[in-house]
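Each chain gets a letter, A, B and so on, in the order the sequences are listed, and its residues count up from 1.
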Number of protein chains: 2
Amino acid sequence: MARRSQTETAVLGALSMQPMTAYALREAIRDVLGHFWSESFGQIYPTLNALEQQGHVERREGPRSGSSTFVITDSGTARLRELLSEPITATPPRNGLLLRLFFGRTLGVRKCRELLLEARADAERSLAEYDGLARNLSVEEAGTPDLPYVLMTISAGRHGTAGVIAWVDEALALLDGIPDDDTADGGGTTGDGDTVGDTPTNGEP
Amino acid sequence: MARRSQTETAVLGALSMQPMTAYALREAIRDVLGHFWSESFGQIYPTLNALEQQGHVERREGPRSGSSTFVITDSGTARLRELLSEPITATPPRNGLLLRLFFGRTLGVRKCRELLLEARADAERSLAEYDGLARNLSVEEAGTPDLPYVLMTISAGRHGTAGVIAWVDEALALLDGIPDDDTADGGGTTGDGDTVGDTPTNGEP
DNA sequence: ATGGCCATGTAAACTGTTACATGATTCT
DNA sequence: AGAATCATGTAACAGTTTACATGGCCAT
């Protein structure tokens with residue numbers, strides 16, 4: 001129940017905005033909820049069938065022969081409300097970037113720096129994306145009752161990525177305080193003449 | 001391989017800092033990496049066995065009879081370096097809070113506000129935690145070569161939660177622009193003399 | 001001597017992704 | 001005609017959590 005219901009929530013939620021085929025549902029989830037949610041076909045199809053059997057959605061003629069459009073029913077809306085009210089099941093944290101940085105001494109200063117720069121580039125890209133998205137929606141969907149809620153989730157993304165950027169800069173500064181002694185090492189040409197050795201390591205603020 | 005190796009990374013990484021029993025390993029992962037990583041017993045034990053068979057860790061006498069302390073070998077260190085250098089496998093996003101807010105029209109303004117206030121309270125709590133942690137470590141572990149890397153991950157947590165707090169405030173302001181018509185509704189008495197709505201519900205510690 | 005923590009391990013259940021098989025429709 | 005896209009569905013697999021079974025050690 002626990003986690004499956006989360007898929008149910010996403011599916012019913014999407015259908016609460018408009019009827020769709022399973023295929024379109026997956027695209028909507030990818031494109032619209034993509035910043036904070038994901039579902040795969042393997043989840044969507046069985047969930048829709050279950051939902052249909054429970055009477056929470058109904059299958060109508062689809063846009064093509066053999067395809068079906070799913071429509072949420074009243075009981076489906078009620079169920080959605082129920083699901084949305086359930087306590088949030090937190091997903092256990094798993095941040096691959098931080099895992100790597102935590103063991104940065106083994107990874108090596110250079111690679112850490114690369115990871116951080118990459119992360120910042122990613123963040124800057126999505127920041128621009130969020131801004132564009134928010135601007136477009138505010139115009140195109142002006143007046144839609146869902147707008148403020150959608151904007152809220154975009155705002156979450158914006159603040160999150162802004163935080164990442166601020167963090168990266170701080171982290172890079174921290175890295176600069178570490179001598180490039182590179183416990184780990186690139187693929188061959190090591191710095192060799194790397195001077196070094198006794199540098200006091202720190203320079204704490 | 002793909003995802004299992006992430007567990008391997010965490011295990012080898014932890015052992016690279018100091019030898020431990022499997023039990024201690026799990027505690028270390030929970031307590032030290034907890035902000036950005038998690039592993040369960042069911043993963044740790046089999047992984048340790050596999051790692052032992054590959055010669056990446058060695059089993060020594062543990063602190064109690066029948067217990068074993070695992071020590072990372074040279075080949076284990078090499079393997080760790082390899083794993084850390086692998087591209088980050090991004091975990092698909094799954095943010096239950098944003099999922100709920102996105103369908104806020106169905107959830108209802110009041111509940112959205114509650115969720116946001118709760119999120120802010122959580123964030124403020126961990127912010128304080130991060131700050132305390134950073135201060136303690138800077139003193140107690142001063143000079144440890146791992147310190148800057150550890151501080152980096154704490155800094156990530158700090159910026160992340162700071163972002164959450166900033167976002168919550170913005171989101172609450174957005175919510176205030178929505179009439180309390182509450183498509184969704186508490187438990188029964190709809191609309192009519194709805195008075196209400198705006199009491200901040202809380203009194204959080 | 002009892003409860004609690006250290007310690008190990010496994011089996012079952014669950015969640016979720018990926019790959020595959022299939023075919024209709026639309027576009028070029 | 002052929003390619004791309006829409007569309008449905010399943011089976012196999014990978015990863016992970018949870019619950020359980022077990023027992024030594026230590027303090028009150």
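An OP1 or OP2 oxygen of C:dT8 is reached within less than 4.0 angstrom by no side-chain nitrogen or oxygen of B:Y23. Put simply, A:R94 has a side-chain N or O that comes within less than 4.0 Å of OP1 or OP2 on D:dT16. Within the structure, every side-chain polar atom (N or O) of A:Y45 is placed at least 4.0 Å from both OP1 and OP2 of D:dG9. A close approach under 4.0 Å does occur between a side-chain nitrogen or oxygen of A:T7 and OP1 or OP2 of C:dG16. The phosphate of D:dC25 has OP1 or OP2 within less than 4.0 Å of a side-chain N or O from B:S65.
Protein atom CZ of A:R30 is 19 Å distant from nucleotide atom P of C:dG16, rounded to whole Å. The nearest whole Å value for the distance from the CD atom in A:E27 to the C1' atom in D:dA7 is 10 Å. Atom CG of A:D31 and atom P of D:dT5 are 14 Å apart (whole Å). We find that CD1 of B:I44 is positioned 14 Å from C1' of C:dC6, with the value rounded to whole Å. Atom CG in B:L25 sits about 14 Å away from atom C1' in C:dC6, given to the nearest Å. The distance from atom CH2 of B:W37 to atom P of D:dT16 is 8 Å, rounded to the nearest whole Å. Atoms CD1 (B:I29) and C1' (D:dT17) sit 15 Å apart, rounded to a whole Å. B:R26 places its CZ atom 12 Å from the P atom of D:dA19, with the value rounded to the nearest Å.
Looking at which nucleotide of DNA chain C each of A:G42 and A:R64 is closest to, the 5′-most match is held by A:G42. The residue among A:F41 and B:S68 whose nearest nucleotide of DNA chain C lies closer to the 5′ end is B:S68.
A donor-acceptor pair shorter than 3.5 Å can be found between the side chains of B:T7 and B:E39. When only modelled atom types and interatomic distance are considered, B:S68 and B:R59 share a side-chain donor-acceptor pair under 3.5 Å.
If you check D:dT17, D:dC6, C:dA7 against the side chain of A:P92, the one that comes closest is D:dT17. The side chain of B:T21 has C:dA7 as its nearest neighbour among D:dC6, C:dA7, D:dA7.
We find that A:E82 and A:R79 are joined by a salt bridge, their nearest charged nitrogen and carboxylate oxygen being less than 4.0 Å apart.
Within 4.0 Å (heavy atoms only), A:S40 reaches at least one base atom of the nucleic acid.
No more than 12 heavy atoms of other residues, nucleotides or ligands sit less than 6.0 Å from atom CG of A:D74. Enclosure of atom CG in A:D31 by more than 12 non-hydrogen atoms of other residues, nucleotides or ligands within 6.0 angstrom is indicated.
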